[in-house]
Number of protein chains: 2
Amino acid sequence: MAVSKKTEFTQEDIWLADVAKALSHPARIRILKILNNMSSCMVGNIVDQLPLAQATVSQHLKELKRVGLINGEIDGPKTCYCVNNKNLIKAKNALDKLYSKIGCC
Amino acid sequence: MAVSKKTEFTQEDIWLADVAKALSHPARIRILKILNNMSSCMVGNIVDQLPLAQATVSQHLKELKRVGLINGEIDGPKTCYCVNNKNLIKAKNALDKLYSKIGCC
DNA sequence: ATCGTTCATCGTAAATATACGATAGGTTAA
DNA sequence: TTAACCTATCGTATATTTACGATGAACGAT
């Protein structure tokens with residue numbers, strides 16, 4: 001794409017777009033829902049519920065972690081992930097600023 | 001990416017991911033904010049406020065329209081765009097389902 | 001120390017997204 | 001009709017994402 005122009009926008013717009021990018025794959029939406037419904041949050045459990053290879057799931061988890069939508073901590077040989085509610089709510093609130101005050105044309 | 005596995009998820013997860021994808025570029029976030037603050041919504045006005053070529057802006061508008069976040073209607077030689085509040089609110093509500101009931105691990 | 005388990009990272013191939021110039025299509029004005 | 005204008009689309013180059021097998025790193029148990 002030649003050269004990216006993403007840096008020429010405000011920090012807030014870049015941040016919100018980045019969070020949206022992390023949400024832009026059904027596997028990552030599914031992962032968030034799984035973490036929301038399980039007390040256990042081992043990677044293996046997540047892999048079992050997705051039609052994807054372990055390496056691919058790990059990549060998706062990394063992307064969600066990168067933008068702060070989930071937290072992960074090492075627990076012995078396993079890794080435990082969970083949703084970061086604070087940032088998810090922050091993203092939801094940011095969407096409020098996009099509502100049109102005016103009706104549709 | 002070899003073969004896409006996106007179809008192997010639920011319709012709702014695919015839909016929400018698709019809306020998030022439309023929001024995943026700062027230019028498109030900016031466009032929504034511009035539409036939210038202007039009574040006029042001609043493409044030319046939007047192009048003037050972005051560091052992008054007209055062809056690129058048109059592409060971004062097309063992507064927002066594809067998922068129903070904006071509506072566009074031809075008004076003489078110009079085209080008028082506006083935010084589709086209904087779908088934006090629908091997306092925001094869908095994010096509510098992703099909050100963790102459990103605290104962070 | 002060795003083995004099996006769990007997960008992250010590397011390397012790589014293919015699909016998709018981004019950006020722009022050029023051009024086409026449609027509208028109003030002269 | 002011609003000219004000028006506005007926007008969408010086409011063609012194309014490059015960047016990024018997606019997906020997987022293979023490998024590596026860390027841990028617990030034997």
Side-chain angles (χ1 to χ4, degrees), chain A residues 1-9 13-14 17-31 34-35 40-67 70-82 105, chain B residues 1-9 13-14 17-31 34-35 40-67 70-82 105:
Chain A
M1 71 175 108
V3 167
S4 174
K5 297 279 185 87
K6 285 188 183 175
T7 56
E8 302 189 27
F9 294 86
D13 289 353
I14 292 170
D18 210 29
V19 170
K21 184 161 74 70
L23 294 170
S24 72
H25 194 290
R28 295 194 287 267
I29 297 290
R30 186 85 189 90
I31 287 170
I34 289 171
L35 291 180
S40 168
C41 47
M42 288 164 24
V43 175
N45 281 337
I46 299 170
V47 172
D48 289 345
Q49 297 179 63
L50 295 177
L52 299 169
Q54 180 266 320
T56 307
V57 172
S58 192
Q59 237 176 198
H60 283 308
L61 288 167
K62 189 180 179 182
E63 172 70 5
L64 286 170
K65 193 177 175 184
R66 182 183 65 81
V67 297
I70 63 176
N71 295 120
E73 71 180 24
I74 295 168
D75 177 25
K78 308 182 179 181
T79 307
C80 182
Y81 283 99
C82 63
C105 53
Chain B
M1 64 175 115
V3 166
S4 175
K5 298 278 184 86
K6 285 189 182 173
T7 56
E8 302 189 24
F9 294 86
D13 289 353
I14 292 170
D18 209 30
V19 171
K21 184 161 74 70
L23 294 170
S24 71
H25 193 290
R28 294 193 288 266
I29 297 291
R30 185 86 190 90
I31 287 171
I34 289 171
L35 291 181
S40 167
C41 46
M42 288 162 26
V43 175
N45 281 336
I46 299 170
V47 172
D48 290 344
Q49 298 179 64
L50 294 178
L52 299 169
Q54 180 266 322
T56 307
V57 172
S58 192
Q59 239 176 197
H60 283 307
L61 288 167
K62 190 180 179 182
E63 172 70 5
L64 287 169
K65 194 177 174 185
R66 182 184 64 81
V67 298
I70 65 175
N71 295 119
E73 70 179 25
I74 295 168
D75 176 26
K78 308 181 179 181
T79 306
C80 183
Y81 283 98
C82 64
C105 57

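Letters A, B, ... are given to chains in the order of the sequence lines, protein chains preceding strands, and every chain is numbered from 1. It should be emphasised that the depicted structure is a prediction, and the values quoted were computed from it without experimental measurement.
Annotation: side-chain hydrogen bond (donor to acceptor under 3.5 Å, both in side chains) contacts of A/D13 (sequence neighbours excluded): A/T10, B/K33.
Considering only side-chain atoms of A/K78, the nucleotide from C/dC20, C/dC7, D/dT17 that sits closest is C/dC7. Between D/dT9, C/dA19, D/dA8, one nucleotide has an atom nearer to the side chain of B/L61 than all others, and that is D/dA8. The listed nucleotides are D/dA8, D/dG28, D/dC20; the one nearest the side chain of A/L52 is D/dC20. Listed nucleotides C/dT5, D/dT7, D/dT9 differ in distance to B/V43; the shortest reach to its side chain belongs to D/dT7. Checking C/dA8, C/dA19, D/dG21 against the side-chain heavy atoms of B/T56 singles out C/dA19 as nearest. Distance from the side chain of A/S4 is smallest to C/dA19 among C/dG21, C/dA19, C/dT9.
In this model, the phosphate group of D/dA8 is approached by a side-chain N or O of B/S58 to a distance below 4.0 Å at OP1 or OP2.
For the pair A/K5 NZ and C/dC20 C1', the interatomic distance rounds to 8 Å; values are reported in whole Å. Separating the CD1 atom of B/I31 from the P atom of C/dA19 is a distance of 11 Å, rounded to the nearest angstrom. Per the geometry, CD belonging to B/E8 stands 13 Å off C1' belonging to D/dT18, to the nearest Å.
Map A/G76 and A/A55 each onto its nearest nucleotide of DNA chain D; the residue landing nearer the 5' end is A/A55.
Judged by atom type and distance alone, B/E63 does not reach the base of C/dA17 through any side-chain donor-acceptor pair under 3.5 Å. At a cut-off of 3.5 angstrom, counting only N and O atoms as typed in the model, there is a donor on one side and an acceptor on the other between the side-chain of A/Q59 and the base of D/dA19.
Within residues 23-30 of chain A, no residue has a heavy atom under 4.0 Å from DNA chain C.
Note on A/I74: nothing from the nucleic acid sits closer than 4.0 angstrom, heavy atoms only.
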